[in-house]
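A quick write-up on the structure given underneath.
Start at 1 and go down the list; that is how both ligands and their atoms are numbered.
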Amino acid sequence: MSISNEILTCIHERRSTRRFTDQQVSTDQLEAILDAAIWAPSGGNNQSWLFTAIRKKDILLHLNGLVREGFQHWIPDDDYPGKLRIKEQSQKETYNFYYQAPTLIIASNRPNYENAMADCSLAMENIFLAAHSLELGSCYINQLHWLRDDQDVRSYLFELGIPMEDTICSAAAIGYKGAELPVPIRKEKTINIIG
Ligand SMILES: Cc1cc2nc3c(=O)[nH]c(=O)nc-3n(C[C@H](O)[C@H](O)[C@H](O)COP(=O)(O)O)c2cc1C
């Protein structure tokens, strides 16, 4: 790569983190990350997303219990390779869907909005890059999206302020890195420049 700058380096160096220390993210760090989220582009400038940051361990653990229960009777609606494995893993006592990160940010959006996932995904990348720029680790968490129609999960998320009718798009685990992971290689032939 012949061109480099701070943002390109941040993009290259960001990795999905799956091991975190117990140290909590500061309020200033969290606010900077959430601010990066809401500055993502959105279709028609809708900004109809909601980012819910959970920092309380007991709330996260309760949610983890509901996710484990939810997976018991959850039937994957497609053949996405990781789903069945995670359903199986979730039944282990030690399973924790957010990798015991001290902070979880849930991205939700209004129902029947075509760009709900696209908008939240762009915001997620802003979250990951902002976290990396603050020397924090982060990871995309899909489990709450998969369980978005689970009644018990949704009732609890409603208690946390996420409207029942909204769709759960994604979540981000955030915290200090407990371990560095190997850099996954990028596949070849995924770029095509014409002209
Ligand atoms: C749509 C999407 C869903 C993902 N879901 C999960 C997930 O539920 N759990 C997880 O550990 N990683 C998840 N990831 C992270 C990917 O596994 C990760 O980005 C990929 O392995 C490449 O690694 P890197 O992020 O370090 O470049 C997800 C990523 C995307 C884009």
Side-chain angles (χ1 to χ4, degrees), residues 1 7-21 33 36-37 40-43 49 51-54 60-61 63-72 74-92 94-109 113-150 153 157 167-191:
M1 198 66 62
I7 290 177
L8 294 172
T9 302
C10 186
I11 289 170
H12 276 111
E13 287 182 351
R14 176 215 57 84
R15 290 276 69 78
S16 295
T17 302
R18 299 188 178 88
R19 242 183 243 168
F20 296 92
T21 71
I33 289 168
S42 60
W49 44 41
F51 301 100
T52 306
I54 309 174
L60 287 171
L61 286 174
L63 191 55
N64 192 54
L66 294 174
V67 163
R68 291 187 60 219
E69 272 171 39
F71 273 130
Q72 274 180 30
W74 174 73
I75 301 162
D77 53 4
D78 60 23
D79 54 3
Y80 182 91
K83 281 186 174 174
L84 278 176
R85 183 174 37 85
I86 287 177
K87 180 177 162 72
E88 219 174 272
Q89 283 173 359
S90 69
Q91 298 315 302
K92 290 186 190 150
T94 51
Y95 178 77
N96 186 285
F97 80 93
Y98 52 90
Y99 303 111
Q100 282 157 342
T103 293
L104 184 73
I105 301 171
I106 303 170
S108 53
N109 214 327
Y113 167 48
E114 187 186 56
N115 292 319
M117 279 299 278
D119 291 359
C120 282
S121 300
L122 290 168
M124 274 290 136
E125 181 68 344
N126 274 14
I127 286 173
F128 300 146
L129 293 175
H132 182 71
S133 76
L134 300 172
E135 293 175 23
L136 295 168
S138 64
C139 191
Y140 194 114
I141 301 291
N142 229 348
Q143 282 78 343
L144 295 175
H145 173 64
W146 293 344
L147 292 173
R148 63 194 176 279
D149 295 324
D150 182 283
V153 169
L157 293 180
T167 185
I168 308 296
C169 294
S170 47
I174 309 282
Y176 284 87
K177 289 174 215 164
E180 295 283 349
L181 285 175
V183 180
I185 54 154
R186 295 293 127 172
K187 292 184 180 174
E188 287 178 15
K189 297 183 184 155
T190 59
I191 295 175

Query raised in the report: How about Arg148: does its CZ atom have over 12 heavy atoms from other parts shown lying under 6.0 Å from it?
Result: yes

Report summary line: Protein neighbours of ligand 1 with a heavy atom under 4.0 Å, given by chain and number, are Arg14, Arg15, Ser16, Arg18, Tyr99, Cys139, Tyr140, Ile141, Asn142, Gln143, Pro184, Arg186

Requested in this report: Kindly determine whether Leu63 and Leu144 satisfy side-chain contact (heavy atoms from CB on, under 4.5 Å), including the steps that lead there.
Outcome: CA-CA 10 Å; Leu63 191 55; Leu144 295 175; 4.2 Å; yes

Query raised in the report: Parallel, tilted or perpendicular: which describes the rings of Trp49 and Phe51, with under 30° parallel and over 60° perpendicular?
Result: tilted

Requested in this report: Considering non-hydrogen atoms only, spot the tightest contact between Tyr95 and Gln89 and give its length.
Outcome: CB-O, 3.5 Å

Query - Exercise: identify the closest heavy-atom pair between Gln100 and Phe20 - result: O-CB, 4.3 Å

Pairs of donor and acceptor atoms involving the side chains of residues 77-84, under 3.5 Å and at least two apart or interchain, shall be tabulated with distances.
residue : atom : partner : partner atom : Å
Asp77   : OD1  : Lys83   : NZ           : 3.2
Asp78   : OD1  : Tyr80   : N            : 3.1
Asp78   : OD1  : Lys83   : NZ           : 3.1
Asp78   : OD2  : Lys83   : NZ           : 3.4

